[in-house]
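Notes for the one structure printed next.
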Amino acid sequence: MTMLRGRCLCGAVTWSSAGPVTRNLVCHCENCQRATSSPFTAFVGLPSDAVTWTGDVTHFESSPGTHRGFCPACGSRLYFRSDRWPEEIHIHAATLADQSGYRPDAQVVLAERAAWLDHLDAADRHEGFHKAPGGAR
Ligand SMILES: [Zn+2]
Ligand SMILES: [Zn+2]
């Protein structure tokens with residue numbers, strides 16, 4: 001197992017773990033949508049005691065026994081922890097320093113999946129921004 005490393009947007013919080021990875025999944029639940037302001041989120045599950053953190057992490061209890069950690073400086077979401085899986089922490093895969101090897105093996109709570117995701121294939125695609133920043137033409 002290679003060392004996994006990650007960080008928040010501003011870099012004030014970092015994490016690392018030698019694993020083992022206990023799950024790789026994409027969660028479509030409405031709470032994850034609201035917590036991340038995104039239509040879904042991807043997680044890497046790890047044993048809680050196998051993860052080393054640096055920097056301050058704040059958490060929000062989104063439902064009883066469920067804690068969602070974030071960087072107080074930049075607001076990046078870092079993890080999901082629940083009393084339902086007490087030995088495990090689910091770290092947001094988008095915080096990985098290198099996401100190239102990340103492969104989710106499951107999608108969960110599809111019953112709450114954002115319906116507009118079905119429209120994405122029909123939307124125009126652009127390698128860069130759709131419109132130039134600053135209103136330039
Ligand atoms: Zn940060
Ligand atoms: Zn979720």
Side-chain angles (χ1 to χ4, degrees):
M1 175 80 203
T2 55
M3 197 73 166
L4 293 175
R5 297 177 193 286
R7 64 171 177 84
C8 66
L9 177 61
C10 77
V13 179
T14 69
W15 63 268
S16 60
S17 179
V21 172
T22 51
R23 66 178 88 200
N24 282 316
L25 59 80
V26 167
C27 186
H28 290 275
C29 87
E30 187 181 347
N31 278 356
C32 280
Q33 292 177 39
R34 293 197 180 279
T36 63
S37 307
S38 296
F40 58 83
T41 195
F43 287 113
V44 182
L46 292 159
S48 306
D49 59 6
V51 182
T52 302
W53 294 91
T54 66
D56 292 328
V57 177
T58 301
H59 66 252
F60 171 68
E61 189 167 8
S62 59
S63 55
T66 294
H67 296 85
R68 294 172 182 271
F70 60 95
C71 170
C74 71
S76 292
R77 289 286 163 165
L78 297 163
Y79 66 75
F80 167 98
R81 230 172 6 89
S82 172
D83 291 350
R84 286 178 289 171
W85 299 282
E87 312 293 312
E88 203 174 357
I89 187 166
H90 298 170
I91 298 179
H92 290 283
T95 66
L96 282 163
D98 178 5
Q99 294 184 58
S100 60
Y102 179 74
R103 296 288 182 275
D105 53 29
Q107 297 189 71
V108 300
V109 200
L110 283 167
E112 297 177 15
R113 181 179 181 273
W116 62 262
L117 288 173
D118 292 336
H119 174 71
L120 279 183
D121 283 343
D124 286 347
R125 302 167 81 96
H126 305 268
E127 288 298 320
F129 289 109
H130 180 211
K131 295 179 179 171
R137 288 169 203 268

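Each ligand, and each atom within it, is numbered from 1 in the order the structure gives.
Inter-residue side-chain proximity for V13 and F70 is flagged as unmet; no heavy-atom pair is nearer than 4.5 Å. Taking 4.5 Å as the limit, every side-chain heavy atom of E88 sits out of range of all side-chain heavy atoms of F43. For the pair W53 and I89, the minimum side-chain heavy-atom distance is below 4.5 Å. The side-chain heavy atoms of R68 and N31, taken from C-beta on, include a pair separated by under 4.5 Å.
Of all the heavy atoms in T95 and R77, the pair that sits closest is CG2-O, 3.4 Å. Between C74 and C10, the shortest heavy-atom distance links the atoms SG-N, 3.5 Å.
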*Before giving the answer on side-chain contact (heavy atoms from CB on, under 4.5 Å), spell out for L25 and C27 the whole-Å C-alpha distance, their side-chain angles and the decisive distance to 0.1 Å.*
CA-CA 6 Å; L25 59 80; C27 186; 4.2 Å; yes

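Below 30°, between 30° and 60°, or above 60°: for H59 and H67 the angle between ring planes is above 60°, a perpendicular geometry.
Among protein atoms, those of element N, O or S found less than 2.8 Å away from the Zn ion (ligand 2) are C27 SG, C29 SG, C32 SG. Note on the Zn ion (ligand 1): protein N/O/S atoms under 2.8 Å are C8 SG, C10 SG, C71 SG, C74 SG.
H90 and Y79 have their aromatic ring centers separated by at least 6.0 angstrom.
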